[in-house]
Structure formats: structure tokens, C-alpha cells
2 protein chains.
Amino acid sequence: MSIKEIAAKLNVSKSTVSLVINGKAEQGRISEALAKRIMDYVDSIGYKPNALAKSLATGKSRTIGLIVENIGDSFFGPIALYIEEYLRKYNYHVLYSSTLNDEKLANTILDTMLDKYVDGIIMAPTLGQEEQVQKLIDTKLPLVVFDRRIPSLETNYIGTDNYSASKRAVQYLFECGYKSIGMITIDSKQVQMLDRLRGYREVVDSNNSTEDILQIPYNLVGDSRKAMIDSFLSENSFDALYFSTNYLCVSALKVLKANKKHKHYGMITFDDHEIFELNLPTISCMRQPIEEIAKQIVVTLLGQINDHKKPFDDIIIPSELIIRESTQ
Amino acid sequence: MSIKEIAAKLNVSKSTVSLVINGKAEQGRISEALAKRIMDYVDSIGYKPNALAKSLATGKSRTIGLIVENIGDSFFGPIALYIEEYLRKYNYHVLYSSTLNDEKLANTILDTMLDKYVDGIIMAPTLGQEEQVQKLIDTKLPLVVFDRRIPSLETNYIGTDNYSASKRAVQYLFECGYKSIGMITIDSKQVQMLDRLRGYREVVDSNNSTEDILQIPYNLVGDSRKAMIDSFLSENSFDALYFSTNYLCVSALKVLKANKKHKHYGMITFDDHEIFELNLPTISCMRQPIEEIAKQIVVTLLGQINDHKKPFDDIIIPSELIIRESTQ
DNA sequence: AACCAATGCAAAACCGGTTTTGCATTGGTA
DNA sequence: TACCAATGCAAAACCGGTTTTGCATTGGTT
């Protein structure tokens, strides 16, 4: 049932119906009596306006685009859930896409979202998206970047203290008495990964220890990744390991489990994972406060939507050191 | 830039531009020369039609609504990723929402999605949605239900063989030599859970063993859930455990880890989890082939979209028994 | 030469709303 | 009682597309 049909049924014009439905009866100088008659009828038939037409007319869709690396991931999945929950409280919906770290795909996704007239975008950008994201910023569409900062861009950003948290993690390994610490990370130019790497290097240097770094390509998964870790462990002689992200640690745990010849390492990783509480030994980590991050993302985005001239936020939420058996 | 502006710029009518852009130049009897002139200009300015206006005019949005229980979950997260990937191949996007098993919320979500004019819906329904889903079916909107069947409804369904897979799992425990098997499940009337329960019961009975069942409320999480499992283990004397879903098994593993007084159980669970490969012992399970399920969901939905009169599919994809250390 | 069909495109109607403008009435003031 | 502002609503314009209809012109028959 359309607004036109309602109008015809009640012998009024559609503008009148529209004004009443949207609570603008007063502003449209519609009499209370007529407003009531319209509302009663509208309620009785359970009319709901066509959201597409409404969006077209108003330019607002009450939909937010969410672009992450992988919705099935143990970091992005839960963060997506929290974002969805917070947004729902404000009557926004989520259109999402996973980039799988593919730059081309990420740009396509961005284009499509803009097409669909989202009211704002939340994204963890991939490498090589600088230009596209700059264009996005130029459109003035409310935007929040999270997890990966693009340093050249001025926009809202929410993330954790990658550099200092990384330093704390590695320093903690030294404090536990480990002398030689290897790092396993993703071979990536993403800023958050470089920050974590830099943190490791500085602390290792300031402890007069030597760097041992394994950089694994993002797309290398499964057995090939495990093989790389396996030989890295075989060819080096450190007594502790630092991982830049949880799934690398999980891979290493699988390697250690499968190949008993490896010794027992001190271990700490960035990002928590349900596995770490159960593994033998349980695994220490720097945990990003996911719910808080999600909350700040939404608050920042809605702030921008409601006030386009609001200055950009740059919110750093510290990670928390969770100490478990792997560093004892 | 709108189609109207393009038309003005080229001194043609917008209908002509629209026809050319949509490859209907011939059907609209537009001369090749003019079509080329329009296409050249359109390409040169990188014009992209407003998807909202297009959807309003055509009634098609190229967006699919995906309603799951929890996008951050180790079953629904990965399945959502696969669904998204398959749909993208056909140029569809995904509007998603998590119901968190809340019936009211689930119905609200459904309403909103219909508002947004999705071209189809993929959902894992919650309990109590029978009526709403029946209404949805009555609208003839392409729909695929997965994971949880609602027996009273006639529509497309994709799921695994819960009953027979459950029987195989429990039977396997008996074959391993266990004599007394406890089951831990969710206190739910969801059909897939009832089927798994029924499978357990039948096999236990036919082996002349006794049933021991713990039903945990869905909303009971964290420590309360663990406490329930803890006392269930303390008060009974079985030698093996069967879990109706992976997160219950994970909770039990935490209990077993925390409380050393419990003995060593044979264990098998429905649904795989990354933890199970790493736990000591590694955990056997009935694994649902997630990627295949996602694929069939998409194929079925697109089939319905392209042919509204296609008969409904009811596809059962067998789960696979993964044998690990916990049943040795 | 008159007629008819085919061609090439413009114009208009439509999708379902929102918002601005405009036109009668009414009522109050000078 | 003439004038002006306020009232109450309808009409129209708009959002940006798609699709049907309609109107000249051209070209080919008889």
C-alpha cells in the first residue's frame, strides 16, 4: 500500500499524509482532527513507507557500510557483531563486505557502497587504497577508519596503541628472563604491522639482544605457512617468540604440536583468541578491547553524521597485557 | 552527475541515455552513431547510475538479506564469508543482521529488510518465527532457510543430516568401547537440536545404555554455564561425552582444564572448531561442510530469484566424522 | 503519387516517497 | 467593511532512474 493509495482512500493529498506520518503535521499546518484521522487509518492498516523511495527523496538510507578484511575472522567477526549491535540502537543497519586484503576487490566494494547511498562508512582499509579513500574523504561522507591507519589521510581513526603495546609485550618477555626473542609477523606494509615490528626492534635493541624476524606473506596459509614457521624455528635458537597477530600464533601452535622436536618457547602474541585459554600452555597476549573499539567507532561515526563539521577524532585505545602460562 | 544532466549536455532525452546505458539501444531503436556518442561521453565522465533510483524504478536491489544468529560465531561467521563471496560472483551484495536468538529482534530485522527491498533472504530462523516466516513466504520473496528448519513451512531449506550424523557420532563412541555416554546440549526446541538429541537417545537405547542429558539454556554463558557443566560431570559417572554443538564442548574443555578432579572422558561434538585441532587431546567431531552449505544456499536462492516458480529445494548435506585423539 | 511500415528519438508516465509553493478560506484588526 | 495575516490543505516539483507511448521523418511499395 502506497502513500498515494492512502491519500486517495482518505480523500486528502499525499503531501498531507506524508507530513502527518513524519510528525510534521504542525509544521505543515494540518489540523489535529485530520492528522488524527490519517494516523488512525495508517496505524490500522500497518502501513510502512517504502524505504527506498524515502532514501531517494531524503538522501538518507540509515544504512552504514562496513568493510573489513574477513568477516569470518576472530577479530573482525566479533567486532562486526558489536558494531551492528550499537548501530541498531540508533536504528541503523549494516551493509558489509570482506576485502580479503585484495586491493582491487576493496575498491570495487567501496564503489558499490557509495552507489547504494550509505550514510557512512566504517572500514579497515587495505594497502593501496590511499587514493580511493582520499576520494571518499573528499566526498565528505562520514567515515571512520579503524585497525589500519593510513598515515597520509586526515579522517577519523580508531585503533589500539600498536607501537607501545608491542614494546610492552616484548619487554615483558625480557622481564620473564628470556634472552633471545624471535618475531613472527605478516609480510605487510600495513602501518599497524610496521608499528608492532618497530616496537619489537627497539626493545630487542635496547636489551642488547639480536633481532630474528620471520615475515610471512598474507596469502600463505595452511601447510605452506606452517612449513615456513617450522623451518624458522629449526634454523634459529631463540628461547621466546613474539607474534604480531593471533592467527600466526595459532599456526605456530599447530607446528609445535605436530613436531615434537621443537623446544618449549616463551610466547606472547598480539590479539587474543579463544584457543589461548585452552592451549597447553595457555598463551599470553596483548588483547585489544574489541567491544570498546566497536563502541568508539560507532560513537565517532554517528557524531560525524550528526555534525558534518565535527573535527576528526583520533582515538587510541590501549591494549591490555593478559598474562598466561606461556610466559612463566 | 545524473542522467538528466548527461541528457542535457548531449542534447538528447534521458530515455535515450537510459536505454543506451542499459544496452537496450537496439530495442529502443537508437542509431549506432548516437549510441556510440552517448557511451563515449558516459565512459569519459565515469558515470554510475544511482543504485537507489534504479532499485526504486526496477524493483530490484541486487542486495540479499542475511539473517544469522551471531555473525561473530565460529559457524555463522565463516558461512557468512562464503555466502558473501559466492553472491559477489553474481554481483549481489549482503545486508546482514544477527538475531542473537531473540525472537522480537529477529522479527524487527525481518521487517526492516523487507523495507529495504532486498531481492531475497537467507536466514537461520529463531524459534517463534513461524508466523513471520510464513508471511514472508506468502510474499513470494525468494527465501532460503538454513541450519534450522521450521517443519511447518514449505520453502527452500539447506542443512545437514542432524539426526543420522548424531547417531553416527554416538554409535562411534560405543564402537570405541565407551559404555556410558552423557550428552550436553542446548535447552532448545530448535529442530536441529531436537534431531541431534533424538539421535543420541536412539543409539543409547539400542546399546542398552542409559541416557544422561544436560540441557543448558542458550543465554547461560561464561561461568554460569561452566558451573552447570561442572556439577553435571561431578554428579554422574559416564565415561564419554557427546556435545550437540561446538561452543558447549569448548566450555567443557575449559571446565576440565580448570578442575583437575574430573576424569578423562571420551569426547565427540557436533561442529568443528579451530581449537579442537590444538587441544590436548585433540577433539573428534561431526563437521558440517560449511563451504558446501554456503554454496548450495546461494545456488538455491539465485535459482529462486531467476525462476520464481521453481519448486522448493530441500538439500541435506551430510556431516563428516572427523576422528581425533579424544576418541581413542 | 498516395499509403504504410519502419526508423529514430522525445515525451510522458511511473516507482514511492518528501518538501516547497500556492491558493482559498477564515478571522482579526483598522 | 476593506485589508492583511494566519490557517488548512492541495498541487506541483523534486529525488534519479526505467519503460511505454507517441510523433515526425524516411524509405519502400503499388
Side-chain angles (χ1 to χ4, degrees), chain A residues 1-39 41-42 45-63 111-112 114-119 139 141, chain B residues 1-39 41-42 45-63 111-112 114-119 139 141:
Chain A
M1 188 122 191
S2 74
I3 205 169
K4 200 161 90 182
E5 294 173 283
I6 294 179
K9 187 90 182 176
L10 296 177
N11 277 315
V12 297
S13 78
K14 19 179 246 172
S15 53
T16 306
V17 177
S18 174
L19 288 170
V20 169
I21 285 176
N22 290 297
K24 297 179 183 172
E26 203 151 339
Q27 156 189 338
R29 297 194 303 251
I30 311 298
S31 67
E32 276 188 36
L34 181 52
K36 181 170 183 335
R37 190 161 67 96
I38 292 175
M39 278 314 288
Y41 182 69
V42 162
I45 63 168
Y47 165 77
K48 299 189 72 181
N50 179 316
L52 276 178
K54 194 163 186 157
S55 296
L56 182 60
T58 60
K60 302 286 163 204
S61 64
R62 296 209 83 81
T63 302
D111 280 345
T112 320
L114 294 177
D115 277 2
K116 303 234 173 186
Y117 267 40
V118 292
D119 289 349
T139 67
L141 185 73
Chain B
M1 188 120 191
S2 74
I3 206 168
K4 198 162 91 181
E5 295 172 284
I6 293 178
K9 186 90 182 178
L10 295 178
N11 277 317
V12 297
S13 78
K14 28 179 240 172
S15 54
T16 307
V17 176
S18 174
L19 288 170
V20 169
I21 285 175
N22 290 297
K24 298 179 181 171
E26 203 151 340
Q27 157 189 337
R29 295 192 306 251
I30 313 298
S31 68
E32 276 189 37
L34 180 54
K36 182 170 183 333
R37 190 160 70 94
I38 292 175
M39 278 314 288
Y41 182 70
V42 161
I45 63 167
Y47 165 78
K48 299 189 73 181
N50 179 314
L52 234 41
K54 195 163 185 157
S55 296
L56 183 60
T58 60
K60 302 285 163 205
S61 64
R62 298 210 81 82
T63 301
D111 279 345
T112 320
L114 294 176
D115 276 3
K116 303 235 171 186
Y117 268 39
V118 292
D119 289 349
T139 68
L141 186 72

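Throughout, a chain's letter reflects where its sequence line sits, starting with A, and its residues are numbered from 1.
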Protein-nucleotide distance ([X], atom [atom1]; [N], atom [atom2]), rounded to Å:
X        : N      : atom1 : atom2 : value
B:Leu56  : D:dC14 : CG    : C1'   : 13 Å
A:Met1   : C:dC15 : CE    : C1'   : 17 Å
A:Lys4   : D:dA10 : NZ    : C1'   : 16 Å
B:Tyr117 : C:dG17 : OH    : C1'   : 11 Å
A:Ile3   : C:dT18 : CD1   : P     : 5 Å
B:Asn50  : D:dC15 : CG    : P     : 11 Å
A:Leu52  : C:dG17 : CG    : P     : 10 Å
B:Arg37  : C:dG8  : CZ    : P     : 15 Å

Once pairs are restricted to Watson-Crick or G-U wobble with both distances under 3.5 Å, how does DNA chain D read as a dot-bracket string, [ ] for crossings and | for other-strand pairs?
||||||||||||||||||||||||||||||

Tell me which residues in residues 22-33 of chain B lie within less than 4.0 Å of DNA chain C, going by non-hydrogen atoms.
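Nucleic-acid contacts, sorted: B:Gly28, B:Arg29, B:Ile30, B:Ser31.
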
For DNA chain C, the residues among residues 10-19 of chain B that have a non-hydrogen atom under 4.0 Å from it
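Output list: B:Asn11, B:Val12, B:Ser13, B:Ser15, B:Thr16.
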
Return yes if some donor-acceptor pair links the side-chain N/O of [X] with the main-chain N/O of [Y] below 3.5 Å, else return no.
X        : Y       : answer
A:Ser55  : A:Ala51 : yes
A:Glu5   : A:Ser2  : yes
A:Thr16  : A:Val12 : no
B:Ser18  : B:Lys14 : no
A:Asp119 : A:Ser61 : yes

How close do A:Asn50 and A:Leu52 get, counting heavy atoms only, and between which atoms?
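Distance-wise, the nearest heavy atoms are OD1-N, 2.7 Å.
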
Over all heavy atoms of both residues, which pair between A:Leu56 and B:Ala53 is shortest? Give the atoms and the distance, please.
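So the minimum-distance heavy-atom pair works out to CD1-CB, 3.9 Å.
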
Apply side-chain contact (heavy atoms from CB on, under 4.5 Å) to the pair B:Tyr47 and B:Ile21, showing each step before the final yes or no.
CA-CA 10 Å; B:Tyr47 165 78; B:Ile21 285 175; 3.5 Å; yes

Does the side chain of A:Lys54 get closer than 4.0 angstrom to OP1 or OP2 of C:dT18 through an N or O atom?
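Affirmative; the distance criterion is met.
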
Counting only side-chain N and O atoms of A:Tyr47, is one of them less than 4.0 Å from OP1 or OP2 of C:dG16?
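So the side-chain polar atoms of A:Tyr47 never come under 4.0 Å of the phosphate oxygens OP1 or OP2 of C:dG16.
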
Please classify the nucleic acid contact of B:Leu34 as base, sugar-phosphate, or nothing, using heavy-atom distances under 4.0 Å.
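Answer is sugar-phosphate: B:Leu34 comes under 4.0 Å of backbone atoms only.
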
For B:Leu141 and B:Val118, run side-chain contact (heavy atoms from CB on, under 4.5 Å): C-alpha distance rounded to whole Å, both residues' side-chain angles, the deciding distance at 0.1 Å, then the answer.
CA-CA 9 Å; B:Leu141 186 72; B:Val118 292; 4.2 Å; yes

Please check if the number of heavy atoms outside B:Lys48 that lie under 6.0 Å from its NZ is greater than 12.
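Enclosed: over 12 neighbouring heavy atoms sit under 6.0 Å from NZ of B:Lys48.
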
Decide yes or no on side-chain contact (heavy atoms from CB on, under 4.5 Å) for B:Ile45 and B:Ile6, but give the supporting numbers first.
CA-CA 10 Å; B:Ile45 63 167; B:Ile6 293 178; 4.0 Å; yes

